[in-house]
Amino acid sequence: MYDGGKIIVGLIIGIGLFLSPFIYNAGTAAKPPDPQLTKKAKEAKVCVAPKAYMRESHFKMLDEWRHTVVRDGERYYKAADGKIYYKSLQVTCLDCHSDKTKFCDQCHNYLSVNPYCWDCHIAPEEKK
Amino acid sequence: MNFVLSLVFSSLAVLVVVLIPWIGVGALNLKILFGVVIPYAALATFIVGIIVRVLDWGRSPVPYRIPTTAGQMWSFPWIKSNPIDNPKGTGGVVVRMLFEVLTFRSLFRNTRLEYSKVDGVPRINYEWEKWLWLAALLFHYSFLVIFLRHFRFFMEPVPGFVTLLESLDGFLQMGAAPFNGFGLPGVYLTDMLLMAAVTWLLLRRILYSQIRYLSLPADYFPLLLILSLGTTGILMRYLLRVDITKVKELVIGIFKFSPVVPDGIGVIFYIHLFILCVLITYFPFSKLMHFAGIFLSPTRNLSNNNRFVRHVNPWNYPVKFHTYEEYEDEFRDAMIEVGLPVDKGAKTAEEGEKE
């Protein structure tokens, strides 16, 4: 090897960076999130849309709601099962899912999602 | 290979790469194969391949310094030298390498031959071509940011630098498209910059005749692969959502060596993952190795000290000498016989003749 020392040090640093997730995660529990439903949500049994859609795309629905409410003044949403919902982040979503830290934030912290909504919208107070 | 054929060939190759997981997961439901087995195999190939190639490069001798420099070398104190472009010691080399790796300095000097006619007379121009440098810089930095942002899937808890990058990259807090339902999640600048830059890097190979002539499937294939990697990623983020909470469970499982394959992840994720696997498997065998190679470029990482340090060619073998003296000793008699001048013993021979 010519300049072998330097090349091997560089190689170890480079490969080490690529393999860092293996090292970083080795000690942690890394539990998947476990969103908790409130009593109210449990009684309702169903969400606004099917669970799979909500898990994948609930923010798309929120975006649609906010556009149609703020721009077109349409405040009611007819779900696929015929139920009518008042289109609102605070009044509807967070009525059923009032324990935001045990529900929304569970997933959001897991994936480092920081919705800017709470700059203006107010999350319900939670009893500890 | 002809240029149309090269393009068709590499596009077909990428199409096959997209179709394999589409059929494999979409129709045959081989989730463990595409979600766990192939990623491990690809990662192993990537790591081992890089090590083997770099060690191979390390064994290649560098007989002397190659001064392809753009500056005056150090000679006398009263002649102004350029310590960065033509460094005489380690300090200058480090600065030159930093410029090279972080700002692609030699690409910045890229020129392009152009023909033009001035008053009916043909002219050759060497145009300073900045677009390649600009697109390359945007592409590589966007790729880096996107790669680092993906660490939100790779690490739990998510490290702070990822959150910081996300907020900087998404500072526009704007939707991807001005349609209802596209306002969230917010658009990332690097997503768009990467696609624009790769598109240009591909287009220049098609539009410029000289570069078209030089381009091979080995050039088109990685570009098209990265283009499709970006397209599937963008589709997944803004249009065809998958359950990324489950995606993270899968990825963390791989990194903790306890793989799980959750149900309910859309096929598009497996396509995205498979394209990545193909890309990193292909990596050590292709010109993508310039990622490691740039650190080993002899024209950049060696100081120009040819004139004051002796560099012995490392592949010199001990040469067997046969000096002139030995030669004369061997042939003296014959040389004298035909009248050739000799250094030694000539006198005795002449004297012998006279007697």
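Convention: sequence-line order gives letters A, B, ...; per-chain numbering from 1. Only this structure's heavy atoms are used, side chains among them; waters, hydrogens and symmetry mates stay out.
Residue contact with chain B, scored on non-hydrogen atoms closer than 4.5 Å, is absent for A:A52. Heavy-atom distances place no part of A:I23 under 4.5 Å from chain B, backbone and side chain included. With a 4.5 angstrom heavy-atom cutoff, B:F154 touches chain A via backbone and side-chain atoms both. When heavy atoms are compared at a cutoff of 4.5 Å, B:L43 approaches chain A solely by way of its side chain, counted from C-beta outward. Residue contact with chain A, scored on non-hydrogen atoms closer than 4.5 Å, involves the side chain of B:F257 exclusively. Contacts between B:P262 and chain A at a heavy-atom distance below 4.5 Å are absent for every atom of the residue.
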Enumerate, including both backbone and side-chain atoms, all donor-acceptor pairs under 3.5 Å from chain A to chain B.
residue: A:Y2; atom: N; partner: B:G58; partner atom: O; Å: 3.0
residue: A:Y24; atom: OH; partner: B:P157; partner atom: O; Å: 2.7
residue: A:N25; atom: O; partner: B:K256; partner atom: NZ; Å: 2.8
residue: A:N25; atom: OD1; partner: B:E156; partner atom: N; Å: 3.1
residue: A:N25; atom: ND2; partner: B:F154; partner atom: O; Å: 2.5
residue: A:T28; atom: O; partner: B:K256; partner atom: NZ; Å: 2.4
residue: A:T28; atom: OG1; partner: B:E156; partner atom: O; Å: 3.2
residue: A:R55; atom: NE; partner: B:D243; partner atom: OD2; Å: 2.5
residue: A:E56; atom: O; partner: B:R241; partner atom: NE; Å: 3.3
residue: A:K60; atom: NZ; partner: B:G181; partner atom: O; Å: 3.3
residue: A:K60; atom: NZ; partner: B:Y238; partner atom: O; Å: 2.6
residue: A:D63; atom: OD2; partner: B:G181; partner atom: N; Å: 3.1
residue: A:D63; atom: OD2; partner: B:F182; partner atom: N; Å: 3.3
residue: A:D63; atom: OD2; partner: B:G183; partner atom: N; Å: 2.5
residue: A:Y110; atom: O; partner: B:K248; partner atom: NZ; Å: 2.7
residue: A:L111; atom: O; partner: B:R152; partner atom: NH1; Å: 3.1
residue: A:S112; atom: OG; partner: B:E166; partner atom: OE1; Å: 2.7

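The number of heavy-atom neighbours closer than 6.0 Å to CG of B:L168, taken from other residues, nucleotides and ligands shown, is above 12.
A salt bridge (Lys or Arg N to Asp or Glu O under 4.0 Å) check over residues 37-52 of chain B, counting only residues at least two apart or in different chains, returns nothing.
When the candidates B:P159, B:G264, B:G175 are compared by the number of heavy-atom contacts under 4.5 Å with chain A, B:P159 comes out ahead. With respect to chain A, the highest number of heavy-atom pairs below 4.5 Å among B:I50, B:V162, B:I51 belongs to B:I51.
For A:K40, the salt bridge (Lys or Arg N to Asp or Glu O under 4.0 Å) partners two or more places apart in sequence, or in a different chain, are A:D95. Not counting sequence neighbours, the partners of B:F46 by the ring-ring contact (aromatic ring centres under 6.0 Å, His included) test are A:F18, B:F283.
B:L273 places a side-chain heavy atom less than 4.5 Å from the side chain of B:P39.
If you look at A:Y86 and A:Y76, their ring centroids are closer than 6.0 Å.
Distance alone, capped at 3.5 Å, is enough to place a donor-acceptor pair between the A:T38 side chain and the A:C96 backbone.
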